[in-house]
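Comments concern the structure below.
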Amino acid sequence: MEMGILVILVCVGGYSMLAKRLSSTVITAPMVFITLGFCVSYFGILQVNDFDEVLYLTAEVALVVLLFLDASQVNLRHLQKENSLPLRMLTIGLPFAVLLGTLVGMLFFPTWSLALIALCAAILAPTDAALSQAVITNNIVPENERQTLSVESGLYDGLALPVILFFASFLTLHETQSSNYIKWLAQGGSQILIGVCVGAAVGYVCGRVFLFGESHKFSSSIFESIGVLALSGTAYLSATMLGGNEFISAFVAGLTFGQLVKGHCRFIYKFTESEGQILVWAAFTAIGIGLLPQAIDQLTLPVAGFILVSLFFVRPIAIYISLLGSKTKPVTRLFMGWFGPRGLATALFALLVSREILPEHSQAVLVVAINAVWMSTLLHGMSAVFLAKRYGQFTAKKRR
């Protein structure tokens, strides 16, 4: 084990030294660390006993913190007034992507239940801004498009989560042949409601405390960054203790906190760009170690076909349709439709719901999700720099 950990640490240090230079190439951090995890596992450099527990814990912590961070950086008022594109992509594009993905899944998996196919389609819906950094941070791409993709990714995870939980619960209920649908709906609805209420309360109270502390100069940005972890954990555990959904609570807490403190939350951006990156790298490495080798080993033609159609057609078509009637040009709709990479949220959602559904279905969900992540990491990572440059040049010519 020591050798495997040593290899990982050396690679992390090496990548850190080259990160700025590599950011302008086709090599991305998720690409590097998921490959690193796969290699140390596949070649037997790192043998971890009972790695499932380590992987689950890493996934849970990463998802809670990232849900909170993504939501806290969204300015809803500015979004509503200045940029309607993310709202279109979320309210129209997300449901249509799940629907279209379900229809496509029925063609590739004729023996699967409709609930299982819909669950896979919903898990493949969330996008990951970390895989599109070469686009989102590239000034040659117009600010409106960059902001739209960033906001969409930040809200996508939290809005897709209830849909994923619904299909996971319905699948379990259907497979166990239970007829108590009223009790199931009441229990699921109460979990979501409690999660929303707890998250809103925690976010509001902590936001007020933060503003009071900042106005009296009781703290500094260094300690406020530490408070981000404590706040997301508070929302998570509070919802758990009260019977609500902990992940929805973390997302709503971040959303409420971010709207309350607005321009005062510079430390959140700093945390996302520094300590938050460590969490992302660790999660991708853990996925590469614990899930990727088995997922690749079980990759079949129907699974590969479903994933590729989802990446090349389902998301682009859903986004294209959602933007009809806006002032965007067709090339803009295609550009934003393509840059919806499946990353950490897809993998973590699949891992977490795999514990809630029957074992015979959990492996199928993981195989689809994890293979989608590495394929998307490769395809979107390799195309980000080139397409961002070409699209930026195209829009610049149109403005002349």
Inset, instruction - Check whether any side-chain heavy atom of Phe167 lies under 4.5 Å from a side-chain heavy atom of Cys120, and answer yes or no. - result: no

Inset, instruction - Begin with the C-alpha distance, continue with both residues' side-chain angles, and end with the deciding distance and a verdict on side-chain contact (heavy atoms from CB on, under 4.5 Å) for Ser326 and Leu85. - result: CA-CA 8 Å; Ser326 66; Leu85 298 185; 3.9 Å; yes

Legend entry - Thr285 side, atom OG1; Leu292 side, atom CG - distance, nearest 0.5 Å: 11.5 Å

Inset, instruction - Flag yes if Leu211 and Phe257 sit in one hydrophobic cluster, no otherwise; membership is Ile, Leu, Val, Met, Phe, Trp, Tyr, and two members link when side-chain heavy atoms are under 4.5 Å apart. - result: yes

Legend entry - Residue pair Tyr15 / Phe33, side-chain heavy-atom distance below 4.5 Å: yes

Inset, instruction - With rounding to the nearest 0.5 Å, note down the distance linking CD1 in Ile5 to CD1 in Ile45. - result: 12.5 Å

Inset, instruction - Indicate, with yes or no, if Leu237 and Val64 share a hydrophobic cluster defined by side-chain heavy-atom contacts under 4.5 Å among Ile, Leu, Val, Met, Phe, Trp and Tyr. - result: yes

Legend entry - Aromatic centroids of Phe306 and Phe109 separated by under 6.0 Å: yes

Legend entry - Nearest-0.5 Å distance, CG of residue Asn245 to CG of residue Leu161: 5.5 Å

Inset, instruction - State, with a plain yes or no, whether a side-chain heavy atom of Ile319 is found less than 4.5 Å away from one of Arg333. - result: no

Legend entry - Shared hydrophobic cluster, Phe43 / Val10 (ILVMFWY, side-chain heavy atoms < 4.5 Å): yes

Inset, instruction - Could you check Val252 against Ile248 for side-chain contact (heavy atoms from CB on, under 4.5 Å), going step by step and ending with a plain yes or no? - result: CA-CA 6 Å; Val252 174; Ile248 291 177; 4.1 Å; yes

Legend entry - Arg146 side chain reached by Asn139 side chain, heavy atoms, under 4.5 Å: yes

Inset, instruction - List the steps, then state whether side-chain contact (heavy atoms from CB on, under 4.5 Å) holds for Met382 with Thr28. - result: CA-CA 8 Å; Met382 293 181 66; Thr28 64; over 6 Å; no

Inset, instruction - Report whether Leu311 and Phe386 are members of the same hydrophobic cluster (ILVMFWY, side-chain heavy atoms less than 4.5 Å apart, transitive linking). - result: yes

Inset, instruction - State yes or no: are the ring centers of Phe312 and Trp338 separated by less than 6.0 Å? - result: yes

Inset, instruction - Compare all side-chain heavy atoms of Glu152 with those of Met336 and state whether any distance is below 4.5 angstrom. - result: no

Legend entry - Note, Ser16 side chain near Val12 side chain (heavy atom, < 4.5 Å): yes

Legend entry - From Ile287, Ile34, Val373, residue fulfilling side chain to side chain contact (heavy atoms under 4.5 Å, CB included) relative to Leu344: Ile287

Legend entry - Test item: Ile317 and Phe96 side chains (from C-beta on) under 4.5 Å apart, heavy atoms: yes

Inset, instruction - Check whether any side-chain heavy atom of Ile194 lies under 4.5 Å from a side-chain heavy atom of Cys197, and answer yes or no. - result: no

Legend entry - Hydrophobic cluster membership, Leu308 vs Leu301, 4.5 Å side-chain cutoff: no

Legend entry - Residue Met375 excluded, over 12 heavy atoms near CE under 6.0 Å: yes

Legend entry - Exceeds 12 heavy-atom contacts within 6.0 angstrom, atom OH of Tyr320: yes

Legend entry - Any donor-acceptor N/O pair, Asn371 side chain to Ala295 backbone, under 3.5 Å: yes

Inset, instruction - Show your reasoning for whether side-chain contact (heavy atoms from CB on, under 4.5 Å) applies to Val309 and Phe108. - result: CA-CA 10 Å; Val309 171; Phe108 284 98; 3.9 Å; yes

Legend entry - Phe339 vs Phe335, ring pair (Phe, Tyr, Trp, His ring centres under 6.0 Å): CA-CA, chis, key distance, verdict: CA-CA 6 Å; Phe339 282 108; Phe335 179 79; 5.0 Å; yes

Inset, instruction - Could you list the residues that satisfy salt bridge (charged side-chain N to carboxylate O under 4.0 Å, His left out) with Glu246, not counting sequence neighbours? - result: none

